[in-house]
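Heads up: the structure comes next, in structure tokens.
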There are 2 protein chains.
Amino acid sequence: MTGTTATSGQRADMVRNRRLLLEAATAAFAEHGVEVPIGEIAQRAGLAKGTVFRHFASKEDLLAAIMLQMLDQLIGTAERLIEADDAGAALREFMTDGVEVLAADRAFCEVIGRPSLQHSEVRDAIGRLRDAAEALTARARDQGAVRADVTGTDIVLLLGGIHQTAAPLLAAEPQAWRRYLALALDGLRATDAPDLPYPPPGRLRLGDTDEVC
Amino acid sequence: MTGTTATSGQRADMVRNRRLLLEAATAAFAEHGVEVPIGEIAQRAGLAKGTVFRHFASKEDLLAAIMLQMLDQLIGTAERLIEADDAGAALREFMTDGVEVLAADRAFCEVIGRPSLQHSEVRDAIGRLRDAAEALTARARDQGAVRADVTGTDIVLLLGGIHQTAAPLLAAEPQAWRRYLALALDGLRATDAPDLPYPPPGRLRLGDTDEVC
DNA sequence: GCTCAACATGACCGGCCGGTCATCTTCCGG
DNA sequence: CCGGAAGATGACCGGCCGGTCATGTTGAGC
């Protein structure tokens, strides 16, 4: 793990290069997904390929550093919203934020959905995200804003699903995910509907293998 | 395009090999997705790599042939269900079938969601699928079984989204998609809810570029 | 059973990509 | 201003994969 923020005692240009590298990598991963070649990231940063590997031992380490950054941001949103009075509105805002992030970052949704690419730190962060989502969801349930049989894991999973629904339209209709988010929210609000047919996902780690699309 | 069913006037072993190849490729694509190497497909079929290219000019041709097969099957299901009395039940059955197919075939959902991989024939077939879904949806709307602002394109897109929602659980909970299908159906049934906020996707070709995850 | 065209084969090619390393450059303390 | 260490560089390596082709094999008609 080389990706920590050890900015102390380093040479000045190294710190600058690290920043350039992270910015370039963030943009490149967002635009092209995890498959983007290291060479292109280096080029975007105005560096040589070798320099990338001086800062991060492997491509996965670089990816993990960036994904952790985004996950922490989302977790922060969730933790801020937990204080809100209207838990239903808070949950809606969290989901809006989440799907928006997914729609803007190709690598992020690939990593979320494909556990085989994940560092253990990323796994842990997803766990924390799920915990935060569970807290939000619990309050919304208590306030009757969502049906009783919905869990935080459901919510996190739905983020990926909603984005994926609109993904084929992304180029032509970049905001189309709002339509399917609204649809899902209507489903979540159906407090009178019979319970969902399949038991809610439990405490299991999401995707212990990589049986995903 | 070498992938047509020109089984006439060919040598007997060639016909047999073509069948073996198609079976192996179907299984391999389903299991590992479109990234599965041609070499592995050949091995599964008990053939050499070169033989694969005698039957299909490129990997894409082979993939397209198999995807067309699956799409036709789904379209058939839709067209059969159009006769049903209960249009709501028919739509539910179509969606159940669709998500089940997606959950069982990794390549299929990759191709559906990533138009950049698609032959024009596959595009056309998806268009036909959408038409069939539109017919089913129209009847369900008329019968008041689903809200008024839902289209056939919505339904087709939802198939991918619902599967994707449950995808991270696929290994641990192979049937989890049923939960999220039920949730989506509750959203579709919310005839009293306000109209969906974003306009329904129109006649545009799904994904004219490949801006997808 | 003979012949030959059709078919199968797998070594081979070129391109790509993650990762390495000997060499060169640059920053910084003294 | 200088020396040396930390950092940057890009040619290079090995592995993988789609696709090709000269050669070997086999089925079908006679």
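By convention in this document, chain letters (A, B, ...) are assigned in the order of the sequence lines, proteins followed by strands, and residues within each chain are numbered from 1. Predicted model, so just to flag it, every value in this text is computed and none were measured.
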* Using a strict 4.0 Å threshold on nitrogen-to-oxygen distance, state whether B/Arg189 and A/Asp186 make a salt bridge. => no

* Asked: Does CD in A/Gln175 sit with more than 12 non-hydrogen atoms of other residues, nucleotides or ligands closer than 6.0 Å?
  -> yes

* **Upstream residue (5' side of DNA chain D) when A/Val52 and B/Phe53 are each assigned their closest nucleotide** => A/Val52

* **B/Leu71: which of B/Val101, B/Ile112, B/Val111 passes side-chain contact (heavy atoms from CB on, under 4.5 Å)** => B/Ile112

* For atom CZ of B/Arg16 and atom C1' of C/dC7, their distance in whole Å -> 12 Å

Polar atom pairs between nucleotides 12-16 of chain C and protein, under 3.5 Å, N or O only, would you list them?
none

* Is there a donor-acceptor pair closer than 3.5 Å between any side-chain N or O of B/Arg130 and the backbone N or O of B/Gly152? -> no

* **Length of the line joining A/Leu20:CG and D/dA8:C1', which is rounded to integer Å** => 13 Å

When you compare the protein's N or O atoms with those of nucleotides 28-30 of chain D, which come within less than 3.5 Å of each other, and at what distance?
unit_1, atom_1, unit_2, atom_2, d
D/dA28, OP1, B/Ala12, N, 3.1

* Please give, in whole Å, the distance from C/dA22 C1' to A/Arg54 CZ? -> 12 Å

* Asked: What nucleic acid atoms does A/Val36 come within less than 4.0 Å of, heavy atoms only: base, sugar-phosphate, or nothing?
  -> sugar-phosphate

* Asked: In whole angstrom, what separates A/Ile38's CD1 from D/dT9's C1'?
  -> 16 Å

* Any donor and acceptor pair, going by atom type alone, linking the side chain of B/Arg92 with main-chain N or O of B/Leu185 inside 3.5 Å? -> no

* Asked: Is A/Glu134 salt-bridged to A/Arg141, cutoff N-O under 4.0 Å?
  -> yes

* Asked: For DNA chain C, what string of dots and brackets results from 5' to 3' when Watson-Crick and G-U pairs need both distances under 3.5 Å, crossing pairs get [ ], and pairs with another strand get |?
  -> ||||||||||||||||||||||||||||||

* Return no unless some side-chain N or O of A/His55 is found under 4.0 Å from OP1 or OP2 of D/dA8. => yes

* Asked: Are there more than 12 heavy atoms of other residues, nucleotides or ligands under 6.0 Å from atom CD of A/Glu40?
  -> yes

* Between the side chains of B/His55 and B/Asp61, is a donor N or O closer than 3.5 angstrom to an acceptor N or O? -> no

* Provide, to the nearest angstrom, the distance between the CG atom belonging to A/Leu63 and the P atom belonging to C/dG18. => 12 Å

* Asked: In this structure, are over 12 heavy atoms from other groups packed under 6.0 Å from A/Glu93 atom CD?
  -> no

* To do: Rounded to the nearest angstrom, tell me the gap between atom CD in B/Gln43 and atom P in D/dC17.
  => 12 Å

* To do: Rounded to the nearest angstrom, tell me the gap between atom CE in A/Met14 and atom C1' in D/dA5.
  => 13 Å

* A/Lys59 side chain to A/Val34 backbone, donor-acceptor under 3.5 Å -> yes

* Compare side-chain N and O positions of B/Asn17 against OP1 and OP2 of C/dC7 and report whether any pair is under 4.0 Å apart. => no

* Asked: Should the pair B/Arg19-B/Glu23 be classified as a salt bridge under the 4.0 Å nitrogen-to-oxygen rule?
  -> yes

* Residues B/Arg16, B/Asp13: salt bridge by 4.0 Å N-O rule -> no

* **Spacing of B/Glu35 atom CD relative to D/dC17 atom P, expressed in whole Å** => 10 Å

* **Out of D/dG19, C/dG19, C/dC7, whichever nucleotide has its closest atom nearest the side chain of B/Ser58** => D/dG19

